Protein chains: 2
Amino acid sequence: MGNPTLHDVARAAGVSYSTADRVLNGRGGVAEKSIQRVRQAIQDLGYRRDMTAANLSRRRSYRFAAYVPQGDHGFFSAIRRAFLAESQRRAGQRIAINLRDVTEPVTDCDCAVTVGADQDRIDALTAAGIPVVTLVSDSPGARRAYIGIDNLVAGRTAGRLHRIAHRGGPARVLPILGSAGLRDHRDRLAGAIEVLGPGSLLPAIAVADDPGRMRALLEQALRDDPGITGLYSIGAGNRGLIPLMRERGGDRPFVVLHELTPHSRAALQDGLIDVVIDQKPAEEVARALDAMKAIADGEAPAPVAITPAIFFKDNLPGDTP
Amino acid sequence: MGNPTLHDVARAAGVSYSTADRVLNGRGGVAEKSIQRVRQAIQDLGYRRDMTAANLSRRRSYRFAAYVPQGDHGFFSAIRRAFLAESQRRAGQRIAINLRDVTEPVTDCDCAVTVGADQDRIDALTAAGIPVVTLVSDSPGARRAYIGIDNLVAGRTAGRLHRIAHRGGPARVLPILGSAGLRDHRDRLAGAIEVLGPGSLLPAIAVADDPGRMRALLEQALRDDPGITGLYSIGAGNRGLIPLMRERGGDRPFVVLHELTPHSRAALQDGLIDVVIDQKPAEEVARALDAMKAIADGEAPAPVAITPAIFFKDNLPGDTP
DNA sequence: GCGAAAATGACAGACGTCAATCATTTTCTT
DNA sequence: AAGAAAATGATTGACGTCTGTCATTTTCGC
């Protein structure tokens with residue numbers, strides 16, 4: 001009928017429930033041959049511990065902490081919103097998500113997620129014995145899972161879109177970096193170079209994710225090189241890019257940028273930009289929580305590959321983003 | 001500390017546990033004023049029934065049935081695989097998924113999902129009092145949730161990609177239908193027309209999702225109209241399209257088609273086609289199961305919008321699709 | 001105000017696991 | 001072989017909910 005219980009395992013192994021329990025939960029004090037027999041019975045019966053019963057008994061509710069940078073970049077606030085929504089959605093599943101600011105100190109919890117490569121915090125959490133999942137921005141080192149897009153792939157995607165848009169013709173695409181120091185941005189740029197080749201990509205300008213700088217530097221670049229046929233904005237600060245495109249009217253380069261925000265969405269709809277590559281923050285958050293739950297349950301988190309979404313003016317998601 | 005329990009609710013409402021339980025589970029035989037007080041207490045305390053404990057007690061494991069059409073189209077087999085994988089993944093959550101063939105009769109279960117618009121089956125399930133979720137293909141009527149892409153949006157996306165690829169030049173795009181009778185296909189075509197306009201879209205040919213027909217009819221069409229600059233394959237049967245593109249060498253139209261299968265994937269990598277629009281079967285299945293669980297728990301399923309994925313040769317998902 | 005019906009309370013045994021205690025048996029030491 | 005140590009078994013009471021029974025109280029019709 002139903003799945004086998006630990007009682008069934010104990011019976012099959014010819015030991016008492018207590019012994020089976022000691023083996024399962026590693027409480028020690030069990031003879032090697034008993035351990036083997038219990039393990040074998042678990043195998044044979046295909047026993048899987050019922051996590052709902054286990055958690056009920058432990059009266060454990062998963063305590064997760066999420067460290068999200070400040071800033072209303074639009075992107076981080078989308079991440080925040082996603083965490084709150086998931087927190088709501090999983091309330092019946094004994095999952096409590098503590099949304100914390102990056103400035104707050106580390107507190108105890110079952111698993112933590114950091115948004116962005118905040119190495120110091122990751123180290124602090126790891127030192128405290130808390131497993132860490134990184135979201136959005138990977139950071140090599142002792143973390144248990146990375147959830148986010150592959151930025152090399154994202155960059156290649158942007159490059160491919162420019163290629164398609166320049167079909168048959170030569171391309172002069174200007175890449176706009178937030179900062180050359182950010183690994184994510186470097187990866188995206190590298191991806192674009194892979195597809196477009198160095199010949200079609202101009203030297204990147206860096207605008208520090210700042211709309212003002214974006215506007216100033218981009219205006220300058222477009223004046224200096226009237227032959228620019230494409231823009232690839234790798235980081236943030238696109239509020240400075242959009243009005244420039246509006247001013248140019250019909251004659252503007254093909255524009256690809258990242259992250260679907262209210263601004264970029266409106267610009268797409270207005271035909272001021274062409275493509276938005278989006279990380280799907282809500283999905284990333286949901287997957288991150290799945291991974292955290294798996295880690296807290298002592299399982300290996302399922303590897304997830306998030307393919308960035310590609311938005312045109314025609315396939316924008318509705319009111320349920 | 002933890003969440004309030006039904007005991008807490010009863011205490012706050014000034015009634016016994018029994019009465020609170022009767023209200024919560026609608027067992028009847030409760031005075032109106034007691035109902036109100038319990039409801040109020042639930043509100044005040046923010047009580048949410050602990051589903052894990054409830055399910056444990058009911059010794060309920062969710063019994064779901066999935067009706068997937070036969071056929072190794074590649075797409076349906078991907079759906080099947082996704083169901084099996086999710087079945088595995090959720091084994092610890094007392095979720096049993098019964099993958100059934102469309103020819104099998106309806107059996108009792110907590111919620112069913114049909115892939116494709118199989119109205120007869122939906123009616124049979126509904127008549128048996130089983131809530132139904134439809135996957136991939138919507139069918140208006142008494143069903144509880146639809147999980148799948150918006151095919152109008154998918155068609156618009158295809159149209160937009162052709163537009164981008166034809167930037168500055170006139171377009172002659174040939175749409176290739178599976179069948180004009182399928183609502184999904186009609187929607188996709190309509191979407192493409194919205195973006196490209198009737199002027200750029202040639203009259204559609206219909207190939208009945210059959211590779212042989214595809215090959216024959218498409219070859220004919222390309223001969224008849226050498227000015228074709230784009231193909232939009234709306235249905236299946238692309239195994240007949242791909243070799244044609246190979247034969248044409250460098251000079252081929254811009255090709256957009258649907259569903260990432262081993263064939264279409266290889267064709268993308270070989271540069272024989274340009275874009276694949278994919279429904280993300282694995283994600284659809286996962287979302288469908290979420291919805292089914294919510295329905296079985298008596299909650300309203302969260303509305304989900306699945307944005308079709310757009311694949312080029314550069315952003316194909318790795319070994320974890 | 002009386003009897004019947006309705007409403008309520010009290011309680012108990014599940015569900016599968018955890019965690020602890022204590023008694024008993026087996027194995028090891030020398 | 002006796003005593004110590006290790007291993008095992010038996011048992012119990014949670015966790016929060018469901019479901020049932022049964023006794024008691026309240027309400028209602030007349």
Side-chain angles (χ1 to χ4, degrees), chain A residues 1-38 41-42 45-62 91-96 110 296-299, chain B residues 1-39 41-42 45-63 91-96 110 296-299:
Chain A
M1 253 272 142
N3 291 347
T5 73
L6 193 50
H7 277 106
D8 300 329
V9 170
R11 198 171 325 116
V15 300
S16 69
Y17 180 87
S18 307
T19 299
D21 172 70
R22 283 190 262 253
V23 172
L24 186 65
N25 293 300
R27 299 189 208 281
V30 185
E32 188 55 36
K33 69 173 177 116
S34 298
I35 294 183
Q36 293 309 331
R37 290 209 300 194
V38 171
I42 287 179
L45 299 186
Y47 168 79
R48 294 204 39 178
R49 159 207 251 133
D50 183 332
M51 269 305 176
T52 70
N55 292 337
L56 175 61
S57 171
R58 290 186 192 147
R59 88 190 80 176
R60 156 211 282 233
S61 43
Y62 299 88
Q93 294 165 63
R94 325 183 120 245
I95 292 181
D110 297 313
D297 284 346
E299 299 168 7
Chain B
M1 238 294 127
N3 291 348
T5 74
L6 193 50
H7 277 106
D8 300 330
V9 170
R11 200 173 318 119
V15 300
S16 70
Y17 180 88
S18 306
T19 299
D21 172 70
R22 283 190 261 254
V23 173
L24 186 65
N25 293 300
R27 299 187 208 281
V30 184
E32 188 56 35
K33 69 170 189 327
S34 299
I35 295 183
Q36 293 308 331
R37 291 210 299 197
V38 172
R39 292 247 170 84
I42 288 178
L45 300 186
Y47 169 79
R48 294 211 33 184
R49 158 208 251 131
D50 183 332
M51 270 325 227
T52 68
N55 293 338
L56 176 60
S57 170
R58 290 187 186 138
R59 89 192 78 173
R60 160 217 272 248
S61 42
Y62 298 88
R63 287 155 29 242
Q93 294 165 63
R94 324 183 120 246
I95 293 182
D110 297 312
D297 284 346
E299 299 168 7

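As a basis for the values below, the full set of heavy atoms in this structure was taken, side chains included, without hydrogen atoms, waters or symmetry mates. The structure presented is a predicted model; accordingly, all values stated were derived computationally and were not measured.
- Of the possible polar contacts, one joining the B:Asp110 side chain to the B:Arg63 backbone as a donor-acceptor pair under 3.5 Å is found.
- Of the possible polar contacts, none joining the A:Asp21 side chain to the A:Tyr17 backbone as a donor-acceptor pair under 3.5 Å is found.
- Counting to the nearest Å, the P atom of C:dA7 and the CZ atom of B:Arg27 are 16 Å from each other.
- Here C:dG16 presents its P atom at 18 Å from CE of B:Met51, a figure rounded to the nearest Å.
- Between the NE2 atom of B:His7 and the P atom of D:dC15 there is a distance of 10 Å, rounded to whole Å.
- Judged by atom type and distance alone, A:Ser18 reaches the base of D:dA10 through a side-chain donor-acceptor pair under 3.5 Å.
- Nearest nucleotide to the side chain of A:Ala53, out of C:dT17, D:dT17, C:dC18: C:dT17.
- A side-chain contact (heavy atoms from CB on, under 4.5 Å) with A:Val38 is found for one member of A:Val9, A:Val30, A:Leu6 and no other, namely A:Val9.
- Atom C1' of nucleotide D:dG13 and atom CZ of A:Arg58 are separated by 17 Å, given to the nearest angstrom.
- Taking side-chain N and O atoms only, A:Thr19 has a distance below 4.0 Å to OP1 or OP2 of D:dG9.
- Side chain of B:Asp50, nearest nucleotide from C:dT17, D:dT17, C:dT8: D:dT17.
- Separating the CG atom of B:Asn55 from the P atom of C:dT17 is a distance of 15 Å, rounded to the nearest angstrom.
- When distances run from any side-chain atom of B:Ser57 to the nucleotides C:dC18, D:dT19, D:dT17, the shortest one goes to D:dT17.
- Between B:Ser34 and C:dT8 there is a side-chain N or O to OP1 or OP2 distance below 4.0 Å.
- With distances taken from any side-chain atom of A:Ala54 to the nucleotides D:dG9, D:dC18, C:dC18, the minimum falls on C:dC18.
- Between A:Ile35 atom CD1 and D:dA7 atom P the separation is 9 Å, expressed in whole Å.
- Among the nucleotides C:dC18, C:dT8, D:dT19, the one closest to the side chain of A:Arg49 is C:dC18.
- Judged purely by atom type and a 3.5 angstrom limit, A:Asn55 has no side-chain atom pairing as donor or acceptor with the backbone of A:Thr52.
- Place A:Asn25 and B:Gly29 on DNA chain C by their nearest nucleotides, and B:Gly29 ends up nearer the 5' end.
- Checked by distance alone, A:Arg22 brings a side-chain donor or acceptor within 3.5 Å of a matching partner on the base of D:dG9.
- Residue B:Leu56 has its side chain nearest to C:dC15 when only C:dC15, C:dC18, D:dG9 are considered.
- Between the CZ atom of B:Arg11 and the P atom of C:dA10 there is a distance of 13 Å, given to the nearest Å.
- For A:Tyr17 and C:dC15, the OH to P distance is 13 Å, given to the nearest whole Å.
- The nucleotide whose nearest atom lies closest to any side-chain atom of A:Ala31 is, among D:dT27, C:dA7, D:dA7, D:dA7.
- Without hydrogens or angle criteria, B:Asn25 side chain to B:Arg22 main chain gives no donor-acceptor distance under 3.5 Å.
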